[in-house]
Asker: 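Quick one: structure below, then a few questions.
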2 protein chains.
Amino acid sequence: MFAILRAMDAKEQLRDAAERLALTLAQGGMQKTTARVMTALLYTEQDTMTAADLCEELSISSGAVSTAIKQLIPVGLVERVPAPGSRRDHYRFREGAWATLMSQQNTMLNVMLHAAQEGIDATGDGTPTARRLREMQDFYTFMARELPAQIESWRKQYQG
Amino acid sequence: MFAILRAMDAKEQLRDAAERLALTLAQGGMQKTTARVMTALLYTEQDTMTAADLCEELSISSGAVSTAIKQLIPVGLVERVPAPGSRRDHYRFREGAWATLMSQQNTMLNVMLHAAQEGIDATGDGTPTARRLREMQDFYTFMARELPAQIESWRKQYQG
DNA sequence: CAGTATGTTTACAGATCTCTGAAAGCTCGA
DNA sequence: TCGAGCTTTCAGAGATCTGTAAACATACTG
C-alpha cells in the first residue's frame, strides 16, 4: 500500500540527475535536446547506447537524436563506436570529454582577444574605450595562456 | 564620386566590432539583446551611456534596454552610475567585468561537481557509469580549485 | 542483387521566446 | 504634494527555433 513511498531506485535517480544536468547545460547555452542526449549517454548504466535506445529513453524522434549526435560528435563529447554484430550505430560518452569541453572555451578566449584588438585599433589612446579594451586584452591574454596549461596539467595528473 | 569607397571611420569600426562580438556572445548562450547592450557599453567612446543612448544606438525599444540592463547588473558586468545633474540613469561597463564573467563559470563548475556526486551516489562501483562520473568529478574538482586561483592571480597582477 | 534495417535530411507545425508599444510606477525638484 | 521626466512592467505580435513525420540515402544480409 505504501509502495509508492519507496525511495527512488538507482535507475530513476540517474535518469533524474541526467535530466537536471541537461537543464542546467541548456541554460548555459547548449541546445536542450543535445544536452539531454549527452547526459543520457553520461548517466546510462550501459557502456554505449544506440540511437534507438536514446529515442526510447528520452521519448524523442530519431531525427532529433540524429541532429543532437551531429552536434556532439564534432566537438568531441561523444563518439560513434563500431558495433560488431549489430547493424545499429552505438554511441558513447567520450573519455576526456570534460577537458575537451573546457578547451572549447579556449576558442572563445581567442575570439575575445581578437575583439579587443580590433577595438584598440579603432580608437585613440587615452579614451575610456581604450582603457576598457586594454583591460579586456590583458585579461584574455592571461587566460588564453593559463587555461590550456591548466587543462594539460589535469590531463597529466589524471592519466599519470 | 568614389567617396563610398573610403575606409570606415573609427566610429563605424567600433560599432561593427561591437555587433560582431555581440553575435559571438549570443552564440555562446547570452541573450542577443543583452549581448548587444553589453558590447555597446564596451565599445562606446563615451564613459557612460543612458538608456536613451542605448535605444538610439541599437535601434531598440526602452523596454528591451530595461530588460537587458536588468540581466547585466546582477551579474556584475554593468553598473548604474549616479548622474549628478541628469535625471537619467547612466550605465557603465564595469571595471573587472571580464574577471567577473569568468568567475560565473565557477558556479557552473560547482554544479557539475554536484551533478557528478549525485550520479556516483546512485550507481555501483565498477560500472562504466561510475568510471565516467569519477573522471567528471576529478576534472571539476581540479578546475573548481584552480580557476578561481588563476583569476585572483590575474587581478593581483593587473592591479599591482 | 534485391530486400530490409537503419540513419539522415527536409518541410512543416507547434511551441517558445523576445521585442514592441502603451500604460503604470518611481523619483526628484519645485 | 504635485508634476515632469524616466524607467519598468505587461500583454500581445512577430520572429525564431526545434521536433516530428515522412521521404530519402546508405549499408548489411541472404
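Throughout, protein chains are lettered first and strands after them, A, B, ... in sequence-line order, and every chain is numbered starting at 1.
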Asker: Within less than 4.0 Å of OP1 or OP2 of C:dT18, is there a side-chain N or O belonging to B:Q31?
Answerer: yes
Asker: Between C:dA5 atom P and A:D89 atom CG, what is the distance in whole Å?
Answerer: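 Rounding to the nearest Å, CG of A:D89 and P of C:dA5 are 17 Å apart.
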Asker: Could you tell me whether the side chains of B:W154 and A:D138 share a donor-acceptor contact shorter than 3.5 Å?
Answerer: yes
Asker: Ignoring hydrogens and angles, state whether a donor on the side chain of B:Q13 or B:D9 is under 3.5 Å from an acceptor on the partner side chain.
Answerer: no
Asker: To the nearest Å, how far apart are A:L23 CG and C:dT16 P?
Answerer: 13 Å
Asker: Taking salt bridge (Lys or Arg N to Asp or Glu O under 4.0 Å) as the definition, give me every residue that meets it alongside B:D47, ordered by chain and number, with sequence neighbours left out.
Answerer: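 Once residues adjacent in sequence are excluded, the partners of B:D47 under the salt bridge (Lys or Arg N to Asp or Glu O under 4.0 Å) criterion are B:R92.
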Asker: Test: ring pair (Phe, Tyr, Trp, His ring centres under 6.0 Å). Region: residues 47-70 of chain A. Which pairs qualify, not counting sequence neighbours?
Answerer: none
Asker: Could you tell me whether B:R132 and A:E95 make a salt bridge, using a distance below 4.0 angstrom between a side-chain N and a carboxylate O?
Answerer: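 Looking at B:R132 and A:E95, the cut-off is not met.
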Asker: Scan B:R80 against the nucleic acid and name what it touches under 4.0 Å (heavy atoms): base, sugar-phosphate only, or nothing.
Answerer: sugar-phosphate
Asker: For DNA chain C, determine which residues of residues 54-78 of chain A have any heavy atom closer than 4.0 angstrom to one of its atoms, and list them numerically.
Answerer: A:S62, A:G63, A:S66, A:K70
Asker: What is the separation between atom CZ on B:R88 and atom P on C:dC28, rounded to the nearest whole Å?
Answerer: 16 Å
Asker: Is A:E118 paired with B:R20 through a side-chain N to carboxylate O contact shorter than 4.0 Å?
Answerer: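 Yes, charged N to carboxylate O under 4.0 Å.
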Asker: Report yes if a donor N or O on one partner sits less than 3.5 Å from an acceptor N or O on the other, where the partners are the side chain of B:R87 and the base of D:dA4; otherwise report no.
Answerer: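 It does, because a donor-acceptor pair links the side chain of B:R87 to the base of D:dA4 below 3.5 Å.
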